[in-house]
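What you see is a predicted model; the values in this text were computed from it and never measured. Within every chain, numbering begins at 1; the chains are lettered A, B, ... in the order of the sequence lines, protein sequences first and strands thereafter.
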2 protein chains.
Amino acid sequence: MAGKIRRGRPRQAEVAKLAGVSQTTVSLVLGGNKQGIVIQEATRQRVLEAARTLGYVPDPAARRLAAASNNLLGVFSFTATFPTDPAHSYYPFLVGVEREAAERGFDLVLFTGSSSGGGRAAAPGALERVRLADGCLLFGRHVPTEPLRRLVDDGFPLVHVGRRDEIAELAWVGADYVAASSEVVSHLVAAGHRRVVLVREDDDAPASTDRERGFREGLAPAEGSVVRVGAPADELTAEWVRARRAEGVTAFVAEETDTGAVWRALHAAVTAAGLRAPDDLSLALLGSPPPDLPLATPVTGFDIPRAELGTAAVRALTDLLAGQRPGATLARCAFRPGATSGPPPPGESP
Amino acid sequence: MAGKIRRGRPRQAEVAKLAGVSQTTVSLVLGGNKQGIVIQEATRQRVLEAARTLGYVPDPAARRLAAASNNLLGVFSFTATFPTDPAHSYYPFLVGVEREAAERGFDLVLFTGSSSGGGRAAAPGALERVRLADGCLLFGRHVPTEPLRRLVDDGFPLVHVGRRDEIAELAWVGADYVAASSEVVSHLVAAGHRRVVLVREDDDAPASTDRERGFREGLAPAEGSVVRVGAPADELTAEWVRARRAEGVTAFVAEETDTGAVWRALHAAVTAAGLRAPDDLSLALLGSPPPDLPLATPVTGFDIPRAELGTAAVRALTDLLAGQRPGATLARCAFRPGATSGPPPPGESP
DNA sequence: CACTCTTGCTAATGCGTATTAGTTGGGTGG
DNA sequence: CCACCCAACTAATACGCATTAGCAAGAGTG
């Protein structure tokens, strides 16, 4: 339907005709000429001039097909609702990705996934479109291992943003959730809390696993428990909060996920229970609150350096393109003291 | 330097061999077969089976090369600091652009590379790179007419986001700044202000011209003046504000630009003068405040429906690709009452 | 029985670029 | 003076798929 043939786009053959040389020469002048074939300066200039006159730009598909590169880096997200929901943690990364890509002279292709339209999960073959680019950045809490492995096995350059160890050869850049989570929990424990609960989603994304590990590490003298919720909004009720309080829990920690569902639900439940942080209990978030949820007080937690991760990812990807193994990146997250945590309420010291 | 591709991937030819048919047949079965060529069911199944066995996946580059279109919509910005500064009004549009592009099965290419790297203005030939896509969205307060005209004359499908009449054949989608600005100013006048000043940048982008027109239209019984500033931060000082106040000006209106410079400067100047809105004077902004400037109180003004404009732009562009003239779009902006305006201070009624 | 139609496929070609294997015309060396 | 080389190109081909123009075999007409 959209596939009108546009005669407007000039090809190398036309440039060649105008410059009075062969298409090969045009390719040599405009492409890298990696074979080091000698071309006279005068000819070179004629070709360049002709290309400029016609507004020639190489066709990325043809370039790719002929097994060269096209200065395009892909960005692919596995999350179903790729761009629709601004709450998704995708845009902040993009800022860094874009800056670094520009710096290195790459353009960006946003593979908006689906192609089937609508907010459904990505169509089966969607990931394969990525091959149009020279390499690709991957986002997403969960990734379908099978199609990915194919790309990896074919040697297609990929960098996943976020730790991802299922596929050994897949490069990734990530944030140190373990250390950051540990720091947040230590902060609570130092304030005097002795019973802390972590609320997390009921699946095993690395991002969750790491946070739980950090949670346990930071707990030290205190006692902690972990609650997995499948449907946060339903399971985290005011009664649930009261019951935990009755058991002596004075601090609640939620993990940040791409949708922010856990934190939203916890926050709502606490509010519904008529409790307030930091006076009645302490709240902390292993990450940042969703930007679309305006809060009066800053939340205790940590900030993921998303833009920096984005630039690191681009760097890793260009390393791969250059044939080097990229160095591992584990970015440090900044602790955010916030104002939702403090000492446990008076009557509750052990 | 880049782009080795390993040849592990099966092609149609291999599927064909396994199924005992020709490559054409494979293409027919696996591709759309839009020509309606009849294939026996048994053959079809054999091909599908073979494809599954080998794990065949079509090469997007080859597909696009053959189809003469590549399902790519471009996004290009003329602003020098294209992606670096998240304060630029570019991302909010992108949300809508991306959603609509996904809906219609297009991928997006962000032309940030410009081969110049760094934050400088786009390189001379940068715009030509755009031809890589099937069509392109254009952003920017100012656009270089000459290179643009070439693209337009070549029939390259372009849609500018924002009113743009210098080039007659250039399609655009815009917001109705005239009506929205008029509404904001009427609001001030209705509150009792009789002397209102508009601060705007000293150049003639359509976005500014339209706002000024709306400003004048909404002024009705009040008296207004327009101040053009070249270097907002330098020219808008505390003294300047005091001088205007002394002349009886009780309301200040700033235009929103891509950098937000005018509003930032006005806001800073008022603060420096020790004045507060809405008690000492009223402030309004013809647009939204830059997101990176956190303000305690919401600002009187209007909200540009950026995401909607983004989707409208994509719609217009795909219309162009389909060979139809897109309908004009002039989106309505929502009035935002805010809390920086009110009646003029008591002693100052006429 | 000579003929046209259909059915179900295949051979050939084009898309735009990169690369490999030449080709030409003018020196050089021996 | 002739074989040889070199500089500066060009012709030909491959890349993987879509598409167009066939083509063989059988079914249907008159």
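Nearest to the side chain of A:Ile37, among C:dT17, D:dC9, D:dC15, sits D:dC9. Closest approach to the B:Leu65 side chain among D:dA8, D:dC17, C:dC15 is made by C:dC15 (side chain taken as heavy atoms from C-beta onward).
The phosphate of D:dT19 has neither OP1 nor OP2 within less than 4.0 Å of any side-chain N or O from B:Ser27. Contact annotation: B:Arg63 reaches the phosphate of D:dA18 (side-chain N/O to OP1 or OP2, under 4.0 Å). Using a 4.0 Å cut-off, no side-chain N or O of A:Thr25 falls inside it from OP1 or OP2 of D:dC9. Note on A:Gln12: every side-chain N or O is 4.0 Å or more away from OP1 and OP2 of C:dG16. Of the side-chain N and O atoms in B:Gln40, none sit less than 4.0 angstrom from OP1 or OP2 of C:dT7.
Contacts of B:Val21 with the nucleic acid, taken as non-hydrogen atoms under 4.0 Å apart, involve only primed sugar atoms and P, OP1 or OP2.
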Donor-acceptor list for residues 49-58 of chain A side chains, cut-off 3.5 Å, not counting sequence neighbours:
from, atom 1, to, atom 2, distance (Å)
A:Glu49, OE1, A:Arg52, NH1, 3.1
A:Thr53, OG1, A:Glu49, O, 2.7
A:Tyr56, OH, A:Gln12, NE2, 3.4

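Of all heavy-atom pairs spanning B:Leu320 and B:Leu158, the tightest one is CD1-O, 3.4 Å.
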Can you pull every protein N or O that's under 3.5 Å from an N or O on nucleotides 11-13 of chain D?
from, atom 1, to, atom 2, distance (Å)
D:dA11, N7, A:Thr24, OG1, 3.4
D:dA11, N6, A:Thr24, OG1, 3.0
D:dA12, N6, A:Thr24, OG1, 3.3

Worksheet item: Between B:Phe139 and B:Phe93, does a ring pair (Phe, Tyr, Trp, His ring centres under 6.0 Å) hold up when you go through it step by step?
Response: CA-CA 10 Å; B:Phe139 290 83; B:Phe93 287 107; 5.3 Å; yes
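In this model, no donor atom of one side chain and acceptor atom of the other lie less than 3.5 Å apart for A:Ser27 and A:Thr24.
Using modelled atom types, one side-chain atom of A:Asn33 and one backbone atom of A:Ile37 make a donor-acceptor pair closer than 3.5 Å.
The shortest distance between side-chain heavy atoms of A:Arg99 and A:Val314 does not fall below 4.5 Å. Side-chain contact between A:Thr25 and A:Arg44: absent, with no pair of heavy atoms (C-beta onward) separated by less than 4.5 Å.
Comparing the end axes of the helix from C:dC1-D:dG30 to C:dG30-D:dC1, each fitted to five base pairs by superposing C1' atoms of four pairs onto the next four, gives an inter-axis angle of 60° (nearest 10 degrees).
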